[in-house]
Amino acid sequence: MKGKKMIGNTEFQGKQKVIGLLNELQIGIGDISKVTGVSTRQLRYWEKKGYIQSLKTKTSQTRKYRLAEVYRVLMIKMYLDEGYNLAKAVEKANTTHKQLALLRKFEKLIASVEVTDQENEYGRINLQSTDKKQKVTGVLDESGSYFEVEDK
DNA sequence: TTTCTTACA
DNA sequence: TGTAAGAA
């Protein structure tokens with residue numbers, strides 16, 4: 001079974017494999033603190049308040065964080081830097097988190113992505129709804145960005 | 001060396 | 001929240 005990856009009882013392949021592997025990542029509190037600029041003291045405090053979560057098992061008493069938690073910490077930190085208090089920053093981060101989750105679901109609308117100009121990073125994104133009654137293409141080229149709509 | 005908890009400034 | 005202390 002080449003190109004596949006077993007995680008638990010589930011087998012992943014292709015994009016799912018990549019996502020599976022990324023979700024397997026476990027980051028220590030020192031590293032997450034270093035990259036986010038949030039102190040270990042804060043991270044432990046936030047966890048105590050229930051704002052973030054870590055994987056603390058019975059065997060190893062050290063905290064490990066999933067990649068999703070790194071994003072969460074970064075977002076909280078971002079809103080904190082913008083002047084929000086901790087509670088409000090967490091609230092904003094949770095909202096952003098949900099928006100990003102929804103955004104990922106919208107990937108299903110993308111039928112294909114074409115890079116038309118490597119140099120300038122121009123391209124076309126073809127959107128296809130499940131009823132296949134409409135086809136919308138988002139275009140990015142030298143004239144700007146626009147949509148092409150086609151009814152079927 | 002790093003992390004953990006607790007306690008004090 | 002930062003920092004120190006003592007243990008793991």
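Quick note on labels: first sequence line is chain A, next is B, and so on, each numbered from 1.
- Residues A:L55 and A:Y65 are not in side-chain contact: their nearest non-hydrogen atoms beyond the backbone lie 4.5 Å or more apart.
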Counting primed atoms, P, OP1 and OP2 as sugar-phosphate and everything else as base, the B/S/- map of nucleotides 3-8 of chain C against protein heavy atoms under 4.0 Å is B----S

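- Side-chain atoms of A:T95 come within 3.5 Å of backbone N or O of A:E91 as a donor-acceptor pair.
- Close to B:dT3, at under 4.0 Å from its OP1 or OP2, lies no side-chain N or O of A:R63.
- Contact annotation: A:T62 side-chain N/O to B:dC4 OP1/OP2 distance is not under 4.0 Å.
- No donor-acceptor pair under 3.5 Å is formed between the side chain of A:Q128 and the backbone N or O of A:A111.
- Test A:L43, A:T62, A:V38 against A:I29 for side chain to side chain contact (heavy atoms under 4.5 Å, CB included) and you get one pass: A:L43.
- Residues from residues 42-54 of chain A that place a heavy atom under 4.0 Å from any atom of DNA chain C, listed by number: A:Q42, A:W46.
- Under 4.0 Å is where a charged nitrogen must lie from a carboxylate oxygen, and between A:E69 and A:R66 at least one such pair does.
- Taking a 6.0 Å sphere around OH of A:Y146, one finds it holds more than 12 heavy atoms contributed by other residues, nucleotides or ligands.
- A:E121 places no side-chain N or O within 3.5 Å of a backbone atom of A:Q118 that could act as its donor or acceptor partner.
- Not a single donor-acceptor pair under 3.5 Å links the side chain of A:N120 to the backbone N or O of A:Y122.
- Distance A:L80 CG to C:dT1 C1': 12 Å, rounded to the nearest Å.
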